[in-house]
Amino acid sequence: MRKLFFKHYLIENVTSEDLLWKAGVAPLSFSEMDIEEIDFDALHECYAIFPSAHITIYKYDKNMLLQSKTTPDGFTVYYKYDGESRLRETYFYENTPNGPVRKILNVFQYKYKN
């Protein structure tokens with residue numbers, strides 16, 4: 001199994017040539033870009049173009065804090081931080097007839113002993 005790991009995503013079962021020719025995505029160019037420059041919609045389109053590929057997308061903010069992780073099955077977990085860059089909660093959105101509903105997975109509390 002071939003793995004392509006770049007700064008913002010991991011792709012298994014697809015060659016870099018396939019990405020470039022079938023999806024128009026140049027893998028190394030994404031790895032060299034700043035987070036604000038990446039077209040994450042183009043990466044998400046790879047799920048449809050390569051259904052047998054295992055694609056994981058990591059999205060970071062400008063401080064390199066993980067904002068979301070989308071797994072090969074398309075499930076996205078979001079990460080929220082406090083003012084000191086500590087992880088506060090993880091959550092996902094569940095699709096309902098009334099629109100997406102936020103569901104909390106974990107809540108983290110930090111207590112310091114004096």
Side-chain angles (χ1 to χ4, degrees):
M1 180 181 298
R2 180 156 184 195
K3 292 184 180 184
L4 302 171
F5 182 75
F6 302 98
K7 188 163 62 173
H8 306 291
Y9 59 99
L10 168 68
I11 300 177
E12 299 177 82
N13 295 338
V14 175
T15 67
S16 57
E17 293 81 17
D18 284 340
L19 280 172
L20 182 59
W21 294 111
K22 292 181 184 175
V25 174
L28 291 176
S29 68
F30 275 119
S31 191
E32 295 167 356
M33 291 180 183
D34 288 332
I35 192 72
E36 296 85 14
E37 299 174 304
I38 292 181
D39 182 358
F40 281 96
D41 291 335
L43 281 174
H44 282 282
E45 287 174 15
C46 289
Y47 286 106
I49 296 170
F50 303 104
S52 64
H54 298 240
I55 303 170
T56 304
I57 300 173
Y58 303 89
K59 191 169 184 181
Y60 298 88
D61 67 8
K62 63 182 178 179
N63 297 317
M64 291 307 294
L65 295 173
L66 183 62
Q67 295 299 298
S68 66
K69 176 183 173 184
T70 304
T71 58
D73 61 359
F75 184 74
T76 302
V77 173
Y78 299 90
Y79 301 83
K80 185 176 179 181
Y81 300 87
D82 66 12
E84 296 180 26
S85 300
R86 297 175 299 193
L87 184 61
R88 295 302 293 175
E89 66 182 32
T90 59
Y91 59 94
F92 68 98
Y93 287 99
E94 182 178 286
N95 290 323
T96 68
N98 296 327
V101 174
R102 184 173 151 171
K103 301 283 186 169
I104 295 176
L105 292 168
N106 295 297
V107 174
F108 302 92
Q109 294 181 352
Y110 300 90
K111 297 180 182 180
Y112 296 98
K113 193 174 187 179
N114 290 336

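The shown structure was predicted, so the numbers you read here are calculated from the model rather than taken from an experiment. Values below: all heavy atoms of this structure, side chains included; hydrogens, waters and symmetry mates excluded.
- Here the side chain of T90 pairs a donor or acceptor atom with the backbone of N106 at under 3.5 angstrom.
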Show the atom names and distances, to 0.1 Å, of all donor-acceptor pairs under 3.5 Å that link a side chain in residues 80-87 to residues at least two apart or in another chain.
residue	atom	partner	partner atom	Å
Y81	OH	L66	N	3.3
Y81	OH	L66	O	2.8
D82	OD1	E84	N	2.9
D82	OD1	S85	N	3.2
D82	OD1	R86	N	2.9
D82	OD2	R86	NE	2.8
D82	OD2	R86	NH2	2.8
R86	NH1	Y112	OH	2.8

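- Between the side chains of N98 and T96, no donor N or O sits under 3.5 Å from an acceptor N or O.
- Within the 4.5 Å cutoff, no side-chain heavy atoms of K69 are placed close to those of F75.
- At a threshold of 4.5 Å between side-chain heavy atoms, the hydrophobic network of Ile, Leu, Val, Met, Phe, Trp and Tyr places V101 and V77 in two separate groups.
- Linking Ile, Leu, Val, Met, Phe, Trp and Tyr whenever their side-chain heavy atoms come within less than 4.5 Å leaves L105 and V107 in two separate clusters.
- Both L65 and Y58 belong to a single network of hydrophobic side chains, linked directly or stepwise wherever heavy atoms of I, L, V, M, F, W or Y lie under 4.5 Å apart.
- Atom CD of residue Q67 and atom NZ of residue K59 lie 8.5 Å apart, to the nearest 0.5 angstrom.
- Counting heavy atoms from C-beta outward, R88 and F108 have side chains that stay 4.5 Å or more apart.
- Ring pair Y91/Y93 is perpendicular by interplanar angle, where above 60° counts as perpendicular and below 30° as parallel.
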